[in-house]
Structure formats: C-alpha cells, structure tokens
Amino acid sequence: MKQLDFERKYQAFWEQCEALLQQLENPSSRNELYQKHWAQFPHYYRKLCQQLSTAQSRQYSPLITDYLHNIVLRGHRYLYQQKSSPLHGLKHFIASGFPVALRKEWRSWLLASCTFYIPAIFMGLMCYFDSEFILSLIEYDQLKSVESMYDPSNAKIGREEGRQSDSDFMMFGFYIWNNVGIDFKAYASGLLFGIGTLFFMIFNGLYIGAVAGHLSGVGFVETFWSFVSGHSALELTAATIAGAAGLKLGYALINPKGFTRILALKHAGIESFPLISGAALMTFLAAFVEGFWSATPGVAAEIKYAVGIIAWVAVFSYLLLAGKNNEA
C-alpha cells in the first residue's frame with residue numbers, strides 16, 4: 001500500500017484517537033465521544049501500534065511516522081502511567097494478587113509446610129522429654145546463649161545479654177536482615193532442583209522445634225511462648241511460603257513440561273515472584289512485631305497469647321479468603 005492510500009484509509013481513525021486522547025488527558029472536557037469510546041481505547045491503541053510498525057517497516061515519510069509515534073506515546077502515557085501507580089499496585093498485590101497466587105500453588109505450599117512443621121514437632125517432642133537431645137543439633141555455647149535469652153531473670157526477653165542495650169529499632173533491623181535472608185536462601189536454593197529448599201525447610205524446622213521443645217522442658221514456657229506468640233504466625237508462615245516459591249523453581253527444572261529448562265525456569269520465576277515478595281512483606285511485618293511488641297516488658301503473658309491466637313486466625317483467614325472475588 002502506498003503512503004497516500006495508507007493515510008486516506010486511516011486518517012479518520014487517527015483523528016478520532018487524537019480527539020479521544022485529548023479528553024482522556026483533560027477529564028473536565030469529556031463528552032459523548034469519551035463515554036462511547038473510552039472502553040475501546042486499549043483496542044485502538046493496539047491498532048495504532050500496528051499502523052506505526054507498518055509505517056516504519058515500509059519507510060514512509062518521517063512526517064507520518066513521527067505523527068503516529070506521538071499518538072502512540074500519548075496513549076502509552078495514559079494506559080501505563082496515569083491509570084496506575086506504585087501505591088495502587090501494592091494495594092492490589094496485598095488485597096488480591098499475593099493470596100490468589102499462593103492458593104494457586106497450594107500443593108507446593110503444603111509440601112513446604114509439611115517438611116517444616118513435621119520435623120519441628122518431632123524435634124520439639126524429643127527435646128522436651130530429653131533436655132540434652134538438643135545438643136545433637138546445636139553446640140553447647142549456642143544452647144547457653146539461647147537459654148539466657150529466655151531466662152526469666154533476663155531484663156529483656158528474647159535478646160542476648162550483650163545486646164540488651166540495643167534499641168527496639170536496631171533489633172527490628174536485625175530481625176529483618178536475619179529472617180528475610182533465611183527466606184531468600186530457601187527460595188534461591190530451589191535452583192538445586194528443589195533439594196536445597198527441602199534442606200532449609202527441614203533444618204529450620206528441626207532447629208525451631210529443638211529450641212521450643214528444650215526451653216519448654218527446662219521451665220521457660222511462659223517467657224518463650226509469650227515472646228514468640230505475637231510474631232510467629234507471620235514469620236513461620238512466611239518461611240513456608242518462601243519454601244513453596246523455591247519448590248516451584250525446583251519442580252520447573254525437574255519437569256519442564258516440554259519447554260527447555262531455561263524457559264521453564266523463567267516462567268516459574270515469574271509465577272513464584274508474588275510468593276517470595278509476599279513472604280518478604282510478611283517477614284518485614286513479623287520483624288516489626290518482634291522488635292516493638294514481643295520483647296515489650298510488663299505485658300501479661302495472657303494478653304500476648306491472645307494477640308498470638310488472633311494473629312494466626314487473621315493470617316490464615318487472609319491467605320485463604322482474600323481476593324476470592326477476583327480469583328476466577
């Protein structure tokens with residue numbers, strides 16, 4: 001098609017798009033044209049892109065290509081900048097995107113949860129009934145450090161004696177650095193065909209179960225459980241979600257489903273990104289609770305237990321129910 005015929009064929013369409021863009025850019029001037037055509041604008045935009053590509057490939061004059069390029073840029077600005085914002089995207093992610101993505105990968109989440117909680121329960125029971133069994137997992141000096149953190153005589157429960165002068169804000173930063181690092185290790189190690197993720201899930205489950213069982217067995221029940229109750233729902237659930245994301249990567253390498261492993265891994269990375277992002281956000285919130293609530297002295301253990309129960313109910317209600325209306 002010659003350039004003149006091309007212009008004659010689409011000139012009216014371009015003028016209509018320009019008029020519509022003017023009203024999109026100036027809400028106060030919107031009229032019947034806007035009401036009639038605004039919902040079709042994404043379709044119009046795709047047609048404009050195709051026509052610009054045609055003009056460029058056929059080497060039409062710069063006048064026509066620059067003209068179309070300008071219209072496309074204005075349309076892009078409306079579609080991808082004015083309609084959305086980082087705050088809007090974050091709000092949508094929290095309200096719907098993250099829980100919906102997690103429920104889609106419920107099998108991976110279930111497997112990660114089992115490989116975390118089953119070893120934790122087993123090790124917890126073993127260490128509860130045998131106070132020295134924990135030494136099969138951690139060294140004696142480390143054990144004494146853990147015991148001192150939850151000793152009722154400790155001025156600041158949950159902190160090592162040498163760190164008691166640290167501010168809550170400093171401990172908040174420490175918890176973020178430590179716990180988010182654990183989540184990302186579990187996620188990234190999924191690249192080892194999922195074996196690395198399973199290792200981190202099992203090891204972390206054994207370690208947490210060992211500490212919980214041992215401290216309960218030696219009589220630090222109230223100090224330990226009242227401390228962890230407030231943030232455990234967020235922190236532990238985030239750990240299993242990070243594990244689910246890592247298993248997603250590992251499964252893509254084991255079963256690429258007809259794709260190359262590189263392409264399958266790329267798709268798995270895209271699909272698992274909401275999971276690890278949500279896990280990181282939950283871990284951030286857990287660190288905030290741990291830094292500013294869990295170690296707060298003077299709060300009755302019963303209140304902390306109540307807050308912990310509410311947190312567990314709230315977390316699972318959110319993950320299982322949020323975004324149901326948009327899931328289909």
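Treat the numbers as computed from the prediction; the structure is a model and nothing was measured. In what follows, every heavy atom counts, from backbone to side chain, and hydrogens, waters and symmetry copies are set aside.
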With a 6.0 Å cut-off on the ring centroids, do [X] and [Y] count as close?
X    : Y    : value
Y128 : H214 : no
Y150 : F224 : yes
F6   : Y10  : yes

Within-4.5 Å side-chain heavy-atom neighbours: [X] and [Y]:
X    : Y    : result
M123 : S136 : yes
R74  : E18  : yes
I134 : I138 : yes
Y67  : I71  : yes
C17  : Y45  : no
E105 : S108 : yes
V299 : V307 : no
W293 : K304 : yes

Is a side-chain donor or acceptor of [X] paired with a backbone partner of [Y] at a separation under 3.5 angstrom?
X    : Y    : value
R103 : L319 : yes
N204 : F200 : yes
S216 : V221 : no

Rounded distance (nearest 0.5 Å) linking atom [atom1] of [X] with atom [atom2] of [Y]:
X    : Y    : atom1 : atom2 : answer
F98  : H92  : CZ    : NE2   : 13.5 Å
L48  : S53  : CG    : OG    : 12.5 Å
E7   : L63  : CD    : CG    : 8.5 Å
K2   : R8   : NZ    : CZ    : 10.5 Å
S232 : F227 : OG    : CZ    : 10.5 Å
L249 : I276 : CG    : CD1   : 9.0 Å

Over all atoms of both residues, closest heavy-atom pair of [X] and [Y]:
X    : Y    : answer
A279 : I241 : CB-CG2, 4.1 Å
F193 : I254 : O-CD1, 3.4 Å
Y318 : P99  : OH-CD, 3.5 Å
A186 : T197 : O-OG1, 2.6 Å
Q51  : L68  : O-CD1, 3.9 Å
L253 : G190 : CD1-O, 4.4 Å

Would F116 and I208 count as a side-chain contact (heavy atoms from CB on, under 4.5 Å) here? Give the steps. CA-CA 9 Å; F116 179 83; I208 291 174; 3.6 Å; yes

Hydrophobic clusters here meaning ILVMFWY residues chained together by side-chain heavy-atom distances under 4.5 Å, can you tell me if [X] and [Y] are in one?
X    : Y    : answer
W109 : L275 : yes
L137 : M149 : yes
Y251 : L265 : no
V313 : L234 : no
L111 : Y187 : no

Using the six-membered ring wherever Trp is involved, compare the ring planes of [X] and [Y] and label them parallel, tilted or perpendicular (cut-offs 30° and 60°).
X    : Y    : value
W312 : F316 : parallel
F13  : Y44  : perpendicular
F199 : F203 : parallel

Answer yes or no: does atom [atom1] of [X] have more than 12 heavy-atom neighbours from other residues, nucleotides or ligands under 6.0 Å?
X    : atom1 : result
L73  : CG    : yes
Q59  : CD    : no
E222 : CD    : no

Is there a donor-acceptor contact under 3.5 Å linking the side chains of T283 and E235? no

Given E132 and Y140, is the side chain to side chain donor-acceptor pair (under 3.5 Å) satisfied, shown in steps? CA-CA 10 Å; E132 295 185 359; Y140 179 79; over 6 Å; no

